[in-house]
Number of protein chains: 2
Amino acid sequence: MAKARRYSGYSEEAVILLGKQIKLGRKQRQWSEVECAERAGISRATLQKIEKGNLSCAIGLVFEVAFLTGVPLFQSEPVSMGGKLDRVEDKIRLLPDRIRKRHKEVGDDF
Amino acid sequence: MAKARRYSGYSEEAVILLGKQIKLGRKQRQWSEVECAERAGISRATLQKIEKGNLSCAIGLVFEVAFLTGVPLFQSEPVSMGGKLDRVEDKIRLLPDRIRKRHKEVGDDF
DNA sequence: ACCTTATGGCTAATATAATAATCAATCTTA
DNA sequence: TAAGATTGATTATTATATTAGCCATAAGGT
């Protein structure tokens, strides 16, 4: 392992929140990791890092997935990040842990 | 050169806007590129890419600089990105193109 | 006008992100 | 309960981000 670089808690929280919101948006769209990664043109491994809040992912890839999953970027109020994080986690908990591809098309493309 | 990957205009605009806001914040603090890069613990070359809106910079580095320069992350309304961009550019134009380090301390640290 | 310094651009190195592939565990549907 | 699919995690390989250093240009202070 190499020397891990230091980040502020602010950056860490922001990226983690973003990743959680992406995960939530993906699940709300009922996209599996594979399907979401294909739509974004990235690998499943990278999508997993993004949803986990990995700080070294390319910002373009992260924003691209955020866009596809309907996560709005930027936040006028830099406060209350913790509260938002809790609410997102709550919503994730209400959805199934795994998502299966629907056999009959329901027209969720576009 | 390798095959450049495709990004949505949304992602491109978002990263560019973020970079411009960072540049504005840096100038408002009267930090040169070198000083800002040192504070963030990154190279000047990377800071330049960030301020230019390079999509392949690590999101953690971008957020770190955004934090240091006082740029709020996330935006509740995904609209009006173009208007925001114009306003930021206007503000940049009002400031000097180059910033020289003050010889006498004026206590802007912290 | 001069002198110092910030900025923009480029290069080569090296550090590391992104990928594809695989495996085990577990959840959902039938 | 069985079958099939999703998720989580790890690996080796390839692609590329990050860095340090340099140069030329131009801007600001004196």
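Below, chains carry the letters A, B, ... as their sequence lines are ordered, and counting in each starts from 1.
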OP1 or OP2 of C/dT7 versus the side-chain N and O atoms of B/Lys52: is any pair under 4.0 Å?
no
Could you check how far CG of A/Leu47 sits from P of C/dT19, rounded to whole Å?
10 Å
Against the side chain of A/Thr46, the closest entry in C/dT7, D/dT19, C/dA18 is C/dA18
Closest contact, heavy atoms only, B/Phe63 versus A/Ile59
CE1-CD1, 4.3 Å
With a 4.0 Å limit, can you tell me whether A/Ser56 has a side-chain N or O closer than that to the phosphate oxygens OP1/OP2 of C/dA17?
yes
Rounding to a whole Å, what distance do you find between B/Ile50:CD1 and C/dT7:P?
15 Å
Does B/Arg29 use its side chain to pair, donor to acceptor, with the backbone of B/Thr69 at less than 3.5 Å?
yes
Would you say B/Arg26 places a side-chain N or O within less than 4.0 Å of OP1 or OP2 belonging to C/dA6?
no
Selection from D/dT19, C/dA18, C/dT19 that lies nearest to any side-chain heavy atom of B/Ala45:
D/dT19
Rounded to the Å, how far apart are B/Arg5 CZ and D/dT16 P?
11 Å
Between P of C/dA18 and CD1 of B/Ile59, the distance in whole Å:
11 Å
In whole angstrom, what separates B/Leu61's CG from C/dA15's P?
16 Å
Separation of C/dA15 atom P from B/Ile42 atom CD1, nearest Å, is 18 Å
Taking N and O atoms by type only, does the side chain of B/Arg44 place a donor or acceptor under 3.5 Å from a partner on the base of D/dG21?
no
Is the shortest side-chain N to carboxylate O distance from A/Glu51 to A/Arg26 below 4.0 Å?
yes
How about B/Leu61 and A/Arg5: do any of their side-chain heavy atoms sit closer than 4.5 Å?
yes
Without decimals, in angstroms, what is the distance between A/Gln30 CD and D/dT6 P?
12 Å
Measure from the side-chain heavy atoms of B/Gln48 and tell me the nearest of D/dA9, D/dT18, C/dT7.
C/dT7
Please check: side-chain N/O of A/Ser11 versus main-chain N/O of B/Glu64, any donor-acceptor pairing under 3.5 Å?
yes
Between P on D/dT6 and CD on A/Glu35, what's the gap in Å once rounded to a whole number?
9 Å
Is there a side-chain contact between B/Lys49 and the phosphate of D/dT19, meaning an N or O under 4.0 Å from OP1 or OP2?
no
